[in-house]
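Bear in mind that the values here come from a model prediction, so they are computed numbers and not experimental data.
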Amino acid sequence: MDTRKVQRTGKSTFIVSLPKTWATKNGIAAGSIVYINQGDNGALTLSTDRSERDLRVKLDIGEKTGDDLIRDIIGCYVGGYRIIEVTSPHMSSAQKKDLHQIVNKLIGPEILEETINKVVIQDLLSSEELQSEKALRRIRTVVKSMIHDSFTSLLNNNQDELAMDVIQRDDDVDRLNLLISRQFTEILRTGSVKQETQNPIHAFNYMQAASNLERIADHAHRIAQIAREYNCTLADDLKEELMDMEVQLCGFIDDAISYLLQTNSDKANEMIDLIREIQKSAARITVTSDNLSKSEMLERLVLAASLERMFDYIMNIGELTINLSHSTKQAEKG
């Protein structure tokens with residue numbers, strides 16, 4: 001580690017010299033501009049270039065199509081690249097269709113250029129336009145609505161259109177989750193997200209929380225599929241149990257994200273203990289009798305498994321709050 005002695009010039013200006021090897025390597029000369037970012041812990045990060053030359057990537061997809069191609073584009077997007085130049089010696093219509101499909105499922109990117117063997121995708125969303133905290137609140141809202149509507153569809157046994165709407169909303173959660181992951185990468189790679197509003201420790205925990213909400217949305221999607229595929233009239237006691245579970249799930253999701261944003265570890269601990277008790281009662285859904293059809297027995301088992309996992313993911317968010325609380329205290333002490 002290099003050390004430098006702070007010098008003073010004039011009445012209020014402090015000067016620190018730059019390491020010569022670093023300056024030479026980065027082409028620093030008299031008159032060069034150096035960008036400085038200040039972190040919450042007081043650390044200063046120097047950068048010689050705030051341009052986006054390193055945020056452009058060329059991707060030769062060859063003959064890739066379908067999920068393989070989609071995963072590559074998502075990887076570049078989450079990796080923080082703002083311009084993705086996709087090329088192939090013989091780009092097929094199927095490949096271009098897949099590119100249009102994935103761009104429509106991401107927040108920010110648009111196709112700005114398309115030729116016979118090239119497609120250029122550029123992210124037009126400024127990092128400051130939708131911060132992780134705001135995106136996390138939006139995911140919470142969408143997930144709660146998915147849970148409510150998936151349970152409504154299941155309980156009424158005649159809400160096929162509502163169930164389909166839940167399934168489609170799962171894409172909205174995926175898009176927001178990927179956006180939060182991307183913003184975390186941007187903080188680590190470029191510092192382009194203003195650190196006064198978001199530091200890496202908070203961003204990491206928000207990204208993990210978004211991932212847990214996305215998994216809860218997957219289970220709401222699953223319940224909506226059950227509502228569409230199984231034509232069962234649920235017993236009154238099961239309906240009552242599920243209505244209670246829906247209210248509790250939505251309430252805990254609200255609390256979990258609120259406690260995380262407030263860094264309230266005491267409330268998070270209380271919530272985790274309460275959920276563990278509720279999980280025991282949720283297991284009663286699997287209780288069967290000889291009067292149940294095979295279809296309803298299977299439906300109960302799938303529902304119980306999804307409820308258990310959703311409560312687990314909410315507890316995960318509570319644990320993130322506790323971890324963040326201790327990390328924040330450590331940073332303050334440092």
Atom CG in Leu176, atom CZ in Arg140: separation rounded to 0.5 Å?
13.0 Å

Residues joined to Val16 in its hydrophobic cluster, side chain to side chain under 4.5 Å directly or through other members, sorted by chain and number, are Val6, Phe14

Calculate, to the nearest 0.5 Å, the distance between atoms CD1 and CD belonging to Ile147 and Glu246 respectively.
8.0 Å

Is Lys267 atom NZ crowded by more than 12 heavy atoms from other residues, nucleotides or ligands, each under 6.0 Å away?
no

Measuring from atom CD1 of Ile275 to atom CG of Asp312, what distance do you get when rounded to the nearest 0.5 angstrom?
9.0 Å

Salt bridge check: are Arg169 and Asp165 linked by an N-O gap of less than 4.0 Å?
yes

Any donor-acceptor N/O pair, Asp68 side chain to Lys64 backbone, under 3.5 Å:
no

Using the side chain to side chain contact (heavy atoms under 4.5 Å, CB included) rule, pick out the option among Leu178, Leu125, Ile180 that qualifies with Ile107.
Leu125

Tell me whether Asn117 contacts the main-chain N or O of Met91 through its side chain, where contact means a donor paired with an acceptor under 3.5 Å.
no

Closer than 3.5 angstrom, by distance alone: can the side chain of Gln95 be matched with the main-chain N or O of Gly62 as a donor-acceptor pair?
yes

Among all residues two or more places apart in sequence or in another chain, which pass the ring-ring contact (aromatic ring centres under 6.0 Å, His included) test with Phe311?
none

So, the side chain of Asn212 versus the backbone of Gln208: is there a donor-acceptor pair under 3.5 Å, distance only?
yes

Answer yes or no: is there a donor N or O on one side and an acceptor on the other, between the side chain of Gln183 and the main chain of Ser132, under 3.5 Å?
yes

Step through the shown structure and confirm whether more than 12 heavy atoms of other residues, nucleotides or ligands are within 6.0 Å of CD on Glu63.
no

Should the pair Glu114-Lys118 be classified as a salt bridge under the 4.0 Å nitrogen-to-oxygen rule?
no

With no hydrogens and no angle check, is any side-chain donor or acceptor of Thr185 less than 3.5 Å from a backbone partner on Gly80?
no

Does a sphere of radius 6.0 Å around CG in Asp236 hold more than 12 heavy atoms from other residues, nucleotides or ligands, not counting ones at 6.0 Å or beyond?
no

With a 3.5 Å distance limit and no angle check, can you tell me whether Arg182 reaches the backbone of Tyr81 through a side-chain donor-acceptor pair?
yes

CG (Leu179) and CG (Leu106) are apart, to the nearest 0.5 Å, by 9.5 Å

Check for a donor-acceptor pair, side chain of Ser145 on one end and backbone N or O of Val142 on the other, with a separation under 3.5 Å.
yes

Indicate yes or no: does Lys144 engage Asp254 in a salt bridge with an N to O separation below 4.0 Å.
yes

Taking only residues two or more places apart in sequence or in another chain, which ones pass salt bridge (charged side-chain N to carboxylate O under 4.0 Å, His left out) with Glu241?
Arg284

Is there a donor-acceptor contact under 3.5 Å from the side chain of Ser181 to the main chain of Asn177?
yes

How about Arg215 and Ser211: does a side-chain donor come under 3.5 Å of a side-chain acceptor?
yes

For the backbone of Tyr259 and the side chain of Gln262, can you confirm whether one donor and one acceptor N or O come within less than 3.5 Å of each other?
no

Note: Asp172-Arg138 ion pair, threshold 4.0 Å (strictly below)
no

